[in-house]
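The structure appears right after this line, and notes come after that.
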Protein chains: 2
Amino acid sequence: MSVAESGRFEKIKVPSAYQMVAEAIEREIMAGRLRPGDEIGTEAELVRQFGVNRSTVREGIRLLEQGGLVQREAGRKLYVCLPHYRKLSDRMSRALVLHQVTFRELFNASMILELGVIEAAVDNADADDLAALEANQKQAEAAVDDPVRLAEIDTNFHALLARASGNRVLELAREPAALLFFPTSELICRRVPQGAGRMVTAHRHMIDAVASRDKEAARVWTRRHLVDWRKGFERAGRDIDEPVERIFERLSTARQYS
Amino acid sequence: MSVAESGRFEKIKVPSAYQMVAEAIEREIMAGRLRPGDEIGTEAELVRQFGVNRSTVREGIRLLEQGGLVQREAGRKLYVCLPHYRKLSDRMSRALVLHQVTFRELFNASMILELGVIEAAVDNADADDLAALEANQKQAEAAVDDPVRLAEIDTNFHALLARASGNRVLELAREPAALLFFPTSELICRRVPQGAGRMVTAHRHMIDAVASRDKEAARVWTRRHLVDWRKGFERAGRDIDEPVERIFERLSTARQYS
DNA sequence: TTCGTCCCTTTGTCGGACAAAGATTGCACA
DNA sequence: TGTGCAATCTTTGTCCGACAAAGGGACGAA
């Protein structure tokens, strides 16, 4: 029963062959000797190079596959690729759910992240970003009576805003929380009559604030938007201290926005 | 050369058996029917249940393994486990590097995240958190002449602060950036004579601010701490708009802090 | 040129095999 | 009766060989 054998020496780990295969390939990628778009050799070539069996090579490849470092094009050749944000964020979100974080944590973190995002967006948004936001707003206005669709549009709105920030670190940092947070708008729009209208109004003011580079208005309306969420959440009879439940059935089938 | 065949139909994806194995197990976990700590059956059992070959089962398991959803205890039984933050953050950091984000993005994002973290820490830190921070501070004072060690301590300082925030969403959101950002303190302490001293001083004031629940002081000193980083970074002859380079050799061998 | 057909390559899956190491059983001995 | 040790069973990691399906290219016909 020695789970945490605390002592003088570190536990010796003897990596298995398939792990070493994965690590070797990953090192090549991280060192820049394999670049995104390059194709890794065939399994037969890897078998020759590493001197292990094909089964072992394949297990190593599976490890990389999940990390998003390599991709198979339609069951065919194996390419190095840039891990896609969305996929990584999905994993993160799953972890948050399994760790049973509360809606309060989600709310507080999102307040910080979204305020940061919109401030950066005020500084950096260009015409394309604004056009994308306007298009999203049009969709929202047309969907005020469809909670499912509206929640999806809301999620996209904030993703577009994050992209407009021009800061990919921030964009990635907010995404795991956002993937759990904004889809709950559906619940709120469904239970609170004026919820949808207030959401659309807030989005309108946020876009305008970004367009006119008005940081103060941007902060005010973002905060209001999120506080609305919280009020709606409680009015819908939910407790903000309950853990985020498993809402991934919807998320995993949601349409990609990029 | 049809990489992005944009057309009327979505691409048809035919999932292979090993992917279905992984997805089936993952569904069980996310649905709560398999809980962290439970042991997944032996490979032989999975072979029976899924009706596929052992090689296929093993490839499926490798997919889950990388995601951190399952863990093998010393080459032995397979358990469901909670994905560890550190591992997920490592993946995220790698992705940021591969996407060639700039130090400017890293700096701006960290400013937002760390300010958010310390405000939450001011509200939520308990005696244990403060004790841990004090212990870290002692280490830092003893290592002012060792840039490598000091950078590690700085990284840990901010991780402890994030934990003190009591917000795991925020803690996770900041980590990918932090894993890239704070280790660069080594460079600065090495190149800028007064860098180490200013760092220790800033940490001192940050701890005091958290202990005395002084949010304004906490913000001021955090901002000063990060601005110091930026000045040092430029004084060390680096351009803040250059992409984050590949510094993972160090990171991957860095000691775990939790 | 365009199209279809044949052939080669590569992947996904299967079946079986074996050594090493953990887990279990059973026995000898105190 | 309880304890320590050896034999045995189980499970994993790795290897080997095999085959169907699908992609890709060569080659010839229209």
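Any value given below was found using the heavy atoms of this structure, including those in side chains, with hydrogens, waters and symmetry copies removed. Just so we're on the same page: letters track the sequence lines, and every chain starts at 1.
Checking C:dG12, C:dT10, D:dG13 against every side-chain atom of A:Arg72, the shortest atom distance belongs to C:dG12.
When the P atom of D:dG23 is taken as reference, atom CD of A:Glu39 falls 17 Å away, rounded to whole Å. Residue B:Glu65 contributes atom CD, which lies 12 Å from atom C1' of D:dG13 at whole-angstrom precision. Here the P atom of nucleotide D:dT14 and the CD1 atom of B:Ile61 are 13 Å apart, to the nearest Å. In this entry the distance linking CG of A:Leu46 with P of C:dT10 reads 12 Å, nearest Å. Taking atom CG of B:Leu78 as the reference point, atom P of C:dA23 lies 14 Å away to the nearest angstrom. A:Lys77 places its NZ atom 13 Å from the C1' atom of D:dA22, with the value rounded to the nearest Å. For the pair A:Glu45 CD and C:dT10 P, the interatomic distance rounds to 7 Å; values are reported in whole Å. Rounded to whole Å, atom P of D:dT14 lies 11 Å from atom CD of B:Glu43.
Under the salt bridge (charged side-chain N to carboxylate O under 4.0 Å, His left out) criterion, B:Asp241 pairs with B:Arg104, not counting sequence neighbours. Residues that satisfy the ring pair (Phe, Tyr, Trp, His ring centres under 6.0 Å) test with B:Phe50, not counting sequence neighbours, are absent from this structure. Among residues two or more places apart in sequence or in another chain, the salt bridge (charged side-chain N to carboxylate O under 4.0 Å, His left out) test is passed with A:Arg190 by A:Glu186.
Residue pairs meeting the ring-ring contact (aromatic ring centres under 6.0 Å, His included) criterion with at least one partner in residues 153-175 of chain B, sequence neighbours excluded, are B:Phe157-B:His203, B:His158-B:Phe182, B:His158-B:His203, B:His158-B:His225. Applying the salt bridge (Lys or Arg N to Asp or Glu O under 4.0 Å) test to pairs two or more places apart or on separate chains, those with a residue in residues 42-56 of chain B are B:Glu43-B:Arg54, B:Glu43-B:Arg58.
Phosphate contact (OP1/OP2 of C:dT13, side-chain N/O of B:Arg58, threshold under 4.0 Å): absent.
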Trace of the salt bridge (Lys or Arg N to Asp or Glu O under 4.0 Å) decision for A:Glu242 with A:Arg238: CA-CA 8 Å; A:Glu242 68 183 310; A:Arg238 306 292 293 273; 2.9 Å; yes

Polar-atom pairs under 3.5 Å, protein N or O versus N or O of nucleotides 14-17 of chain C: list them with distances, or write none.
| from | atom 1 | to | atom 2 | distance (Å) |
| --- | --- | --- | --- | --- |
| C:dC14 | OP2 | B:Asn53 | N | 2.8 |
| C:dC14 | OP2 | B:Thr56 | OG1 | 2.8 |
| C:dG15 | N7 | B:Asn53 | ND2 | 3.1 |
| C:dA17 | N6 | B:Arg54 | NH2 | 3.2 |

